[in-house]
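Written out below as structure tokens is the structure these notes cover.
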Amino acid sequence: MSSPLTINPALVAGILRGFLAEETAKVGFGRVVVGLSGGVDSAVVCCLAAEALGPQQVLAVLLPYRTTDPASMRDALAVVERTGVRHRVVEITAQVDAYLAGVPEASPLRRGNKMARERMSVLYDLSLAEAALVVGTSNKTELLLGYGTLHGDMAHALNPLGDLYKTQVYELARTLAVPEPVLAKAPSADLWAGQSDEADLGFTYADADRILYHLVDERRRPAEVVALGLSPELVATVRERMRQNQYKRRLPLIAKLSRRTIDRDFRYPRDWGY
Amino acid sequence: MSQPVADPTLRVACVQFRPVLGDVAANLEATCDLLAAARAQGADLAVFPELSLTGYFLKDLVPEVAISLEGPEVERLRRAAGGLLALVGAVLETPDHRFHNAAILLGEGGVLQVHRKLYLPTYGLFDEQRDLAPGQRIQARTVRLPGRVPWRVGILICEDLWHPSAPYVLSRQGLDLLLCPSASPAQGVQGPDGPLGSAASYTAMTRTYAELFTTFLVYCNRVGYEDGVQFWGGSRVLGADGSLLAGPAPAEPLILTAAVDRGGLRRARIAYPLLRDERPAIVAAALGERGGELPTDD
């Protein structure tokens, strides 16, 4: 029996290509900017965008810091070559180090967040220069676990992957022009040498995705998820991470005063007029 | 002199439309152009999707896009339809300022029928009961085009189909042709070769209703994206035996046409005399005992 997370990749790719083409075109943009890390998420987004808009309409931006694994650059360039998209390399070491020199006590997490926000800052600058929308690469697992930097990699105009779990992104990647080394290596935020997502998180994506799928998509109660053969401690950990990080998935809270407050009782679709 | 024989066929067109969200003027223009295009393809009846004049995820736009039956938009549509029958989706405002998700059937030089959506989904990604008032009435009616046999037509909008009592009631009122405008969002991509979840549901429902109520059925779903949600198209025309006469259409703007023929309706009702054998008195008696209420704990 196949996993309940198994997707129909051709169906998903078709919906996502249409999403990228229509949601960019109807707001008057025909182009996108994507930060390309050498990992699977941004590789998938790059492939889909190249197919949806044409490779010349996609600018892939490689944003290495001095500790970035050279293999990441090599893999990112392989994606550029396979998809035929335009690309730029913008090194972020100078601006990140200029700031970090003043905060030598900064933890690896703070340093990683700073890098993620510098990358966002460059992507948004290029988005204006290019008249292109910033396309994000955060998947559903990361968003639910809060495993991303607010105003860093979580900042973008469109996100084609936000409703796919990490293991589903891999399923999709295997049907696209994603180079083999990108599929083979362990997922990493690459914020410092040797970093691994699964070591950081303390559990595997396979387990996290199963738990999240049953809690979120199937709306099973935690005890029902445990009854499927998952560890009670892990189910509790994943559920708590999801709860704690709800704030990252919402706009800032606005103190209510009037009878019509933005996003509470002033409710308009974003595609208003498009 | 012998009476000319009435034509037993009707050419129906599903206009898989992508409205601009909240822009009635732009959608009205496009609708008039598409009515002309449908006519050029030989259509007698053009079915547009749910809320085709406004778009679907309207939220606070509902009062801003509402029109009235007496307003200039309906008059414009009436003139554009000409001799064509046209079913168009709109937000209709009542004189006492309630807002309905409605489908307006234009033809014979005026408004023939208005169906106000009965079942407003308010769960999952849907929030219709927040902004809209439910319709109160199910009513099939006879439609007559010059030189054609008369047709009994019923209208149900999208979520109405998820309640089998709705097509059942239409069937008891006399139903040859069920028109189903829809704005069904794409959701459910599980299974390695699986169909889209929403498409699988509508495929099953439309086939079942066409076959069990022995009626032609036109399902017209919209296309395009709103706030990241795809509408998956898949418009189709089914025969009164549940067979597919046209479609399902791919998820892109297009006009899908098919001819429906009363001969097919007759053959289906001979092969499966379900309409003849139905026993509504049993239904009425069973529902009458409790008024259709669910059992309680007592």
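Heavy atoms only: backbone and side chains are in, while hydrogens, waters and symmetry mates are out. So that the names make sense, note that chain A is the first sequence line, chain B the second, and so on, each numbered from 1.
Only the side chain of A:Gln168 comes within contact range of chain B, judged by heavy atoms closer than 4.5 Å. With a 4.5 angstrom heavy-atom cutoff, A:Leu11 touches chain B only via side-chain atoms. For A:Tyr274, the part lying under 4.5 angstrom from a heavy atom of chain B is the backbone only. Contact annotation for B:Gln190: both backbone and side-chain heavy atoms come within less than 4.5 Å of a heavy atom of chain A. Interface remark: A:Arg260 contributes side-chain atoms only to the contact with chain B (heavy atom separation under 4.5 Å). When heavy atoms are compared at a cutoff of 4.5 Å, B:Gln187 does not approach chain A at all. Heavy atoms of B:Asp193 lying under 4.5 Å from chain A belong exclusively to its backbone.
Taking every heavy atom of both residues into account, A:Lys248 and A:Met154 meet most closely at O-CE, 3.6 Å. The heavy-atom pair separating A:Leu164 from A:Asn139 by the smallest distance is O-CB, 3.3 Å.
Of the residues considered (B:Gly55, B:Gly188, B:Pro19, B:Gly194), B:Gly194 shows the highest number of contacts with chain A, using heavy-atom pairs under 4.5 Å. Counting heavy-atom pairs closer than 4.5 Å to chain A, the top-ranked of the candidates B:Pro195, B:Gly22, B:Ala186, B:Pro192 is B:Pro192.
Using a 4.0 Å cut-off between charged nitrogen and carboxylate oxygen, B:Arg98 and B:Asp96 count as a salt-bridge pair. Taking a cutoff of 4.0 Å between a charged side-chain nitrogen and a carboxylate oxygen, A:Asp163 and A:Lys140 qualify as a salt bridge. A salt bridge links A:Glu23 with A:Lys26: the closest approach of a Lys/Arg side-chain nitrogen to an acidic carboxylate oxygen falls below 4.0 angstrom. Taking 4.0 Å as the cut-off between side-chain N and carboxylate O, B:Arg18 and B:Glu252 do not count as a salt-bridged pair. Salt bridge annotation for A:Asp41-A:Lys166: present, with a cationic side-chain nitrogen under 4.0 angstrom from a carboxylate oxygen.
Chain A is approached within less than 4.5 Å, heavy atom to heavy atom, by B:Asp127 from residues 118-129 of chain B, ordered by number.
For the side-chain contact (heavy atoms from CB on, under 4.5 Å) with B:Val91, the qualifying choice from B:Asn101, B:Thr54, B:Asp131, B:Leu61 is B:Thr54, the only one to do so. Residue B:Phe17 forms a side-chain contact (heavy atoms from CB on, under 4.5 Å) with just one option from B:Leu34, B:Leu254, B:Val88, B:Leu53, and that option is B:Leu34.
In this model, no donor atom of one side chain and acceptor atom of the other lie less than 3.5 Å apart for B:Asn221 and B:Ser184.
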